[in-house]
Amino acid sequence: MNRVALTHRRLAVSMGLSGLVAFAGGAGMEPLSATLAGSALLLALFWHPTPGLSSRLEKLWGPLAVLLVLRALAWVFLLDGDVVMPVVDLLLLLLSAESLRSLDANNDVRIYALSFALLLAATAYRPGLLFALAFVAFVIAASLALPLGLLRRGAARFGAAEPGLDRALLGSSARLATVTLTVAAIVFLAFPRVSRGWSGRGETMATSVAGFADQISLGGHGSRIHSNPEIVLRVEFPDGVPDNLYSLHWRGRSYDRFDGVRWTRSEGVRPSTAPVEWYRERWGGGLLRQRIYGAPLDARVLFAVHPMVGVDADSRIQPMFDNVGDFFYWGRAAPLYTAESIVRPPPPDSLRATRGGYMPDRTRYLQLPRLPDRITELADSLTRDYDNDYDKVVAVERWLRTTFSYTRELPRTAGEASLDHFLFERKAGHCEYFSSAMVVLLRAAGIYARNVNGFLGGRWNDFGRYLAVTQNEAHSWVEVWFPNYGWVTFDPTPGGSIDGTAEAEWLWPGRIFLDGLQHRWSKWVLDYSAADQVGMLDRFGSLFERDEDPAPTPGDPDAALPSGLTLLLLGGATLVALLFVRGLRGGRAAGPEGAAYLRMLAVARRAGVVGDDEITPLHLVERIGSEAPEAGPSAARLVDLYLRARFGRHPLDRDETRELREALARVRRSLG
Amino acid sequence: MSRVDRLRSTLPWSGRRIRFTSAGTLFVVGALAVGFAAINTGNNLLYLLLGGMLGATGVSGWLSERAIRGVEVSRRIPRGIPVGQEAAIRYAVHNARGAAALGLEIREGGLPGVAFVPRVTPGDTVPARSVNTFVRRGVYPLETVTLVTSFPFGFFRRERDLALPGELVIWPRTDRQVAPPRAGAGRRVSQGAAPSRAAGPRGEFKGLRDYRDGDDARDIHWRSSARRTAPVIREYDRDASDTLWICLDLAADPGEVAEEAVEIAAGLAARATASGRRHALVAGDDVIGPAAGRGHLERVLECLARVDFAPGAAAPAPPVAPDACVLVGTRARPGPWADVRLAGRGGA
């Protein structure tokens, strides 16, 4: 078997596998086509059909391709489906067919092209880190496969011997891959971003998150949120990590209407949110800035700590408030935005003292379903001792937190799923029961309240310096209206709502590390923007400024990463420059002897032994010998080797090259 | 060479060219399309791919330059190449650089044959050969050898010219069927006394001379060769009356008929050589004196490879009487020629 042909085919197939992995890492695949194509490519690594079998197999590919084309047409025109997937299926079939041909087939260029097409198709999605790995693997495989293919074709065409894989080719390929990847990184970082951001085909990866649809049912919510570690939010804190990190409520949607079982959002609600100025001026504490990287979700909800008083999103999404103050967006991209929220709620005394003022919509926020009398009586008994709404709210909240227990066990029957059963019989439930109970009790007591969904807590990723919030942290709580202050958050669910199983999943350190990498990939590659570019240029410029600005703190992720990227950029540019300079100098000096002679000349000039004038080699030896007699013989030997190699057409052998280097080192030591 | 040309020849890229291959053109157009798509969509991964493609293009140009820089080529040409036969031009490719030279093609201007060397490691010299077939006799001057590489991706053809003067001498074909010369040719009536000394089967010993290519190894004088440390040949003065003089008349328009005349002359010489007979050639001012053997035939063929026809050329003037000569040409010449072979009239 021809080993070189076999190696070449394996390299080409590796490019195909890289393309497949890149695509699968982004768009996901139909399991059938992914499995078949993956199996065919893996098979092609180890097995090659004979020419006879190959020609019989080729008869199979044509009809299959026709079937796939027909399927694609039906998919696109009859089912109105996405055109990318059928095209990719066709690509995979062709790639498998080419990979499984006999080694005699001269089809490497087709395999390269099909593999590249897969890689290109993968960019249409938001691929994860797998894409990065596949891209690097693709470049490495291509850097070896393409030159080897070229040499093989040349040898076959001109009747020369088949080339093998040797150090020369491996070295060239390594340089090729290094420079290609470095230039790719530099172009990526430096190419001006002038267009709108990229939305990608995020919808194909969109995750359906429990509790953020237009309606949620009391009994069904917990089942969907149970033990789902998929990350929905990654939150960075540009101004420093707050102390109460794990008690931050990442507010999503509010629900005003409760029918005893389901919470829904009413249509046509009058504006029922507080002006931003109320929150800015009347609440306590400063601003908390949150840089939030959301996963693409079905529900176009933007999560942030309540009350959110400012938002800055890049142009890929269009954030907006609705009438009730919930935070939404237009656009199909994964949301990326910076939210500003007020850190602390208003002081209790202020809330106690509030009287009168604007009330949003009585029919919405005091709405109650038909309730058993004992619930109304319970509400009355819990609140009648207090003369202000704030104390009543706190009393209900405290009662629920202390009297009831948290469980993710779902009720077994419809009767057990009711609020009445929760309050008087079961006395245990998940957050949706607690928040619903509190809203109902408050409304029964005449207090404007609503149910709110979002996430509570999360896991701090120290590697990536961000808070990762998974679906496990989905949560419900309550907002109560206080005139002149707006909606204030209360959470009646007892502590421990983040249960042990979710925690255990997070404790796996590899997951934390990988997610940190994934986050950096998203942040610095997928979402890399003109603003990032400007920021990096600023930081690059500041490297050369000696101003009085304090240096960025080492722990600040925003400070560390761009400077890391700047270093990468500088390092890459230096590497490329060095490789080029090495090539150029090698060319001028025409071999090691020329380079060594020039270096000795430079050393002699630095040491003041000779001036900058032109000098002949023998004269140089003479001068070195008179200045530093111990260096004379070495200089003479070096020049002798140089003259013989350069003008006598006597190439240096390995020993002479070593001798040359040693002579140069001795001259350096003597003159230095 | 003008001053500007002299200056230009000292530049590092002198004698170098770079050309896109069709694959390279396609790749660059593809890179432009990816770049356009990247700008249009803001898709960062397309920027990454664009960077990779630009990197591959740039590094391809750089490595191809490295692949041919510092490579030296020497050439070995066969002494004479018969028309219609495959002939190998051999090269020695030396890499004087510190990096390997990869994927080298060696081309000669105007010749279809290409030599290919997959790699030359630093300091190494490897052989290569190109094979050509020539359809017409003559002298092909060689001026430059062009080193070409498409390494590493085949996107560019990087070319570098190396001045390497030389020439290829293409002998006329000798396999044209020619009738034996008429009985009189080369059978001159003896004049005066018989040769003073008796001659052996190889003729009368005349003296010693340096060995020339094609001489019969049986004639080497070993003792003298050992003394001189170079081969020395015994020369015999054979019977002059047995020599076939071939007189090629160069008065003709260059073309097929004239070439046929050359081939007739070559055929007569080859026939004489095959039968061990001495022969001589007169072509314009060139005279190849009488001798026999393969070496002599090659000298005759070399002379025939170089002759030029002109309508006004003078008639052949052999140093012997015309009745000892065969006249070969495209038209009759007056004189008592022993035989006349006219090309284009079935003169072979």
Side-chain angles (χ1 to χ4, degrees), chain A residues 109 119-120 122-124 127 131 135 139 142-143 146-147 150-151 154-155 157-163 166 168-169 171-173 175-176 179-188 191 193-198 200 316 525-528 580 583 586-588 590-592 595 645 649 651-653, chain B residues 12 23 30 34-35 37-56 58-60 62-63 65-67 69-70 72 94-105 113-125 128-131 150-154:
Chain A
V109 176
L119 196 67
L120 197 62
T123 65
F131 180 91
F135 178 70
V139 171
S143 299
L146 267 67
L150 188 88
L151 294 184
R157 188 171 154 210
F158 301 117
E162 177 95 331
D166 64 356
L169 187 58
S172 280
S173 299
R175 274 197 289 274
L176 207 60
V179 178
T180 303
L181 288 172
T182 309
V183 174
I186 291 172
V187 168
F188 174 80
F191 203 97
R193 302 297 199 272
V194 290
S195 61
R196 284 181 73 239
W198 160 57
R316 288 175 290 190
V525 178
L526 297 180
D527 295 322
Y528 182 71
F580 269 94
R588 276 197 212 108
R649 303 226 160 201
L652 300 183
D653 60 25
Chain B
V34 169
I39 292 169
N40 204 32
T41 60
N43 179 340
N44 277 326
L45 295 181
L46 289 177
Y47 282 103
L48 194 66
L49 284 195
L50 172 69
M53 294 175 89
L54 292 180
V59 81
S60 176
W62 171 47
L63 278 183
E65 167 62 26
R66 281 172 65 91
R69 199 195 296 151
E72 293 157 8
H94 175 65
N95 181 4
R97 284 177 39 76
L102 292 153
L104 295 177
E105 292 171 24
V114 178
F116 181 77
V117 186
R119 77 173 56 74
V120 193
T121 49
D124 200 5
T125 303
R129 67 199 281 267
S130 72
V131 177
S150 304
F151 189 82
F153 293 143

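Numbers restart at 1 for each chain; the letters A, B, ... are given by sequence-line order, proteins then strands. Heavy atoms only: backbone and side chains are in, while hydrogens, waters and symmetry mates are out.
- Contact record, A:Ser143 with B:Phe153: CA-CE2, 4.4 Å, taken as the closest heavy-atom pair.
- Qualifying side chain to side chain contact (heavy atoms under 4.5 Å, CB included) partners for B:Leu54, counting only residues two or more places apart in sequence or in other chains: A:Val187, B:Leu50.
- For a residue to count as touching a neighbouring chain, one of its non-hydrogen atoms must lie under 4.5 Å from one of that chain's; by this rule B:Leu48 touches chain A with backbone and side chain alike.
- Interface remark: B:Val131 contributes no atoms to any contact with chain A (heavy atom separation under 4.5 Å).
- For A:Val139, no part lies near chain B; criterion is any non-hydrogen pair under 4.5 Å.
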Audit row: B:Trp62, A:Val179, side-chain contact (heavy atoms from CB on, under 4.5 Å) steps and yes/no: CA-CA 11 Å; B:Trp62 171 47; A:Val179 178; 3.9 Å; yes

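- Separating the OG atom in A:Ser172 from the CG atom in B:Leu102 is a distance of 5.0 Å, to the nearest 0.5 Å.
- Contact count versus chain B (heavy atoms, under 4.5 Å) is highest, among A:Thr180, A:Leu169, A:Leu652, A:Asp653, for A:Thr180.
- Considering CZ of B:Phe116 and CG of A:Leu151, their distance stands at 5.5 Å, rounded to 0.5 Å.
- Comparing B:Pro152, B:Ala56, B:Gly154 by heavy-atom pairs within less than 4.5 Å of chain A, the highest count is held by B:Pro152.
- In terms of heavy-atom pairs under 4.5 Å with chain B, the best-connected choice from A:Ala161, A:Ala142, A:Pro163 is A:Pro163.
- Atom CZ of A:Arg157 is separated from atom CD of B:Glu105 by 6.0 Å, given to the nearest 0.5 angstrom.
- Nearest heavy-atom pair across B:Gly52 and A:Ala184 is N-CB, 3.4 Å.
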Worked verdict on A:Val183 versus B:Val59 for side-chain contact (heavy atoms from CB on, under 4.5 Å): CA-CA 9 Å; A:Val183 174; B:Val59 81; over 6 Å; no

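- The structure places CG of B:Asn44 at 7.5 Å from CG of A:Asp527, a figure rounded to the nearest 0.5 Å.
- Residue with the most contacts toward chain A among B:Ala100, B:Gly35, B:Pro118, B:Ala67: B:Pro118 (heavy-atom pairs, distance under 4.5 Å).
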